[in-house]
Amino acid sequence: LPMVSVRSVGQTPDGFVWFGTFDGVGRFDGKRIEPYSKRNTSGLLHDWFVSQLCDSTGALWIGTEKGAMRFADRKWTAFDSLRDWDAGGPVFFIAELPGNRLVFSTETSIVHWDGKHFSKLPDPPRPKNDRAAPRLVVTTDGNLRSVTGDSVARFDNNSWVPEFHTTGPNIQFLKAAPSRDNGIWIFTRDGILKVREGKAIQNLPIPASFYGDEAILLEDRRGNLWA
């Protein structure tokens, strides 16, 4: 690996698994990991890879410390150099909407990519002291939802519609992932919460081996939750 700490993991349709780090990205072919960085790869402008998404066309999108990059047709393309990219960085979360439209989240902005141009979306509701990038989730109904420190909101008609808000004094929403039944799994310091249709319908304990605030959630095709 380019470095020990892995910040993101993704897989492209050709079977390669990609590991994003703070010193480039590693491509795993099942036997070995080939490192890519701006030192050895044409088109790579950054080495700080914190988020990634393989879209419906098979292109790999990576969120960097400055913006977004795409790997498609064996070529890296930087998108933060476009004139209408005005989101700041780093890009912590990436989501895909129907129609191969992409949404990127930084600590200051949410940016929409329609295939040709970037445009800013309104800010979602969040606590005044929440400076983290909104967690972006596209649920199975195709709707974009934002998960901030204590709230879940749905994007509808160019505005955010609040759907769920916690009143717990010590609960903080840290990471989020879609469930197969149109809900959202949310990792907090106190447990793993499942929210659907504006209600908390399930609360799981944090695995005993976990520590700190870092976690990745995934519900697989069989409905198993991985953390």
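A donor-acceptor contact shorter than 3.5 Å links the side chain of Arg135 to the backbone of Leu174. A distance-only check finds no donor-acceptor pair linking the side chain of Gln202 to the backbone of Lys194 [under 3.5 Å]. Judged by distance alone, with hydrogens and angles left aside, the side-chain atoms of Ser51 form no donor-acceptor pair with the main-chain N or O of Ser8 at under 3.5 Å. Listed for the Thr21 side chain is a donor-acceptor partner under 3.5 Å among the backbone atoms of Asp23. Checking side-chain atoms of Arg32 against main-chain N and O of Asp29 turns up no donor-acceptor pair under 3.5 Å. Listed for the Trp61 side chain is no donor-acceptor partner under 3.5 Å among the backbone atoms of Asp55. At distances below 3.5 Å, not a single donor-acceptor pair connects side-chain atoms of Ser105 with backbone N or O atoms of Phe93.
Phe155 CZ to Trp160 CH2: the interatomic distance, rounded to the nearest 0.5 Å, is 6.0 Å. Note that the CD atom of Gln11 and the CZ atom of Phe28 stand 10.5 Å from one another [nearest 0.5 Å]. The distance from the OG1 atom of Thr41 to the NZ atom of Lys75 is 14.5 Å, given to the nearest 0.5 Å. The distance from atom OG1 of Thr77 to atom CE of Met69, rounded to the nearest 0.5 Å, is 7.0 Å. Atoms CD and OG1, from Glu65 and Thr106 in turn, are 13.5 Å apart once rounded to the nearest 0.5 Å. Taken to the nearest 0.5 Å, the OG atom of Ser37 stands 8.5 Å off from the CZ atom of Phe49.
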- Taking it one step at a time, do Leu204 and Leu225 satisfy side chain to side chain contact (heavy atoms under 4.5 Å, CB included)? CA-CA 11 Å; Leu204 304 176; Leu225 179 65; 3.9 Å; yes
- Task: Take Val25 and Leu60 through the side chain to side chain contact (heavy atoms under 4.5 Å, CB included) test and state the conclusion after the steps.
- Result: CA-CA 12 Å; Val25 62; Leu60 179 68; 5.6 Å; no
- Show the numbers, then the answer: is there a side chain to side chain contact (heavy atoms under 4.5 Å, CB included) between Phe71 and Ile62? CA-CA 8 Å; Phe71 183 73; Ile62 293 184; over 6 Å; no
- Query: Does the pair Leu144 and Leu121 meet the rule for a side chain to side chain contact (heavy atoms under 4.5 Å, CB included), with working shown?
  - Reply: CA-CA 11 Å; Leu144 175 66; Leu121 300 186; 4.1 Å; yes
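The number of heavy atoms from other shown groups lying within 6.0 Å of CG (Asp73) does not exceed 12.
Closest of all the heavy-atom pairs between Thr139 and Asn182 is CB-OD1, 3.4 Å. Across every non-hydrogen atom of Thr140 and Ser179, the tightest pair is CG2-O, 3.5 Å. Between Ile33 and Gly26 the shortest heavy-atom distance is CG2-CA, 3.7 Å. A pairwise comparison of heavy atoms in Asn100 and Glu96 identifies ND2-OE2, 2.9 Å as the closest pair. Taking every heavy atom of both residues into account, Ala176 and Val147 meet most closely at CB-CG2, 3.8 Å. In terms of heavy atoms, Ala132 sits closest to Arg126 at O-NH1, 3.0 Å.
The aromatic ring centroids of Trp113 and Phe79 lie less than 6.0 Å from each other.
Leu193 is not listed as a side-chain neighbour of Thr166, based on a closest heavy-atom distance of 4.5 Å or more. At a threshold of 4.5 Å between non-hydrogen side-chain atoms, the residues Leu97 and Val103 count as touching. By the 4.5 Å heavy-atom criterion applied to side chains, Cys54 and Pro13 are counted as neighbours. Using a 4.5 Å heavy-atom threshold, the side chains of Val138 and Pro178 count as separate.
In the model, Gln52 has no side-chain atom that pairs as donor or acceptor with a side-chain atom of Trp18 under 3.5 Å. For the 3.5 Å distance criterion, the side chains of Asp190 and Thr188 fail to qualify, holding no donor opposite an acceptor.
Ring geometry, Trp76 versus Tyr36: the interplanar angle falls from 30° to 60°, so the pair is classed tilted.
No single ILVMFWY cluster, assembled from side-chain heavy atoms under 4.5 Å apart, contains both Val195 and Val161.
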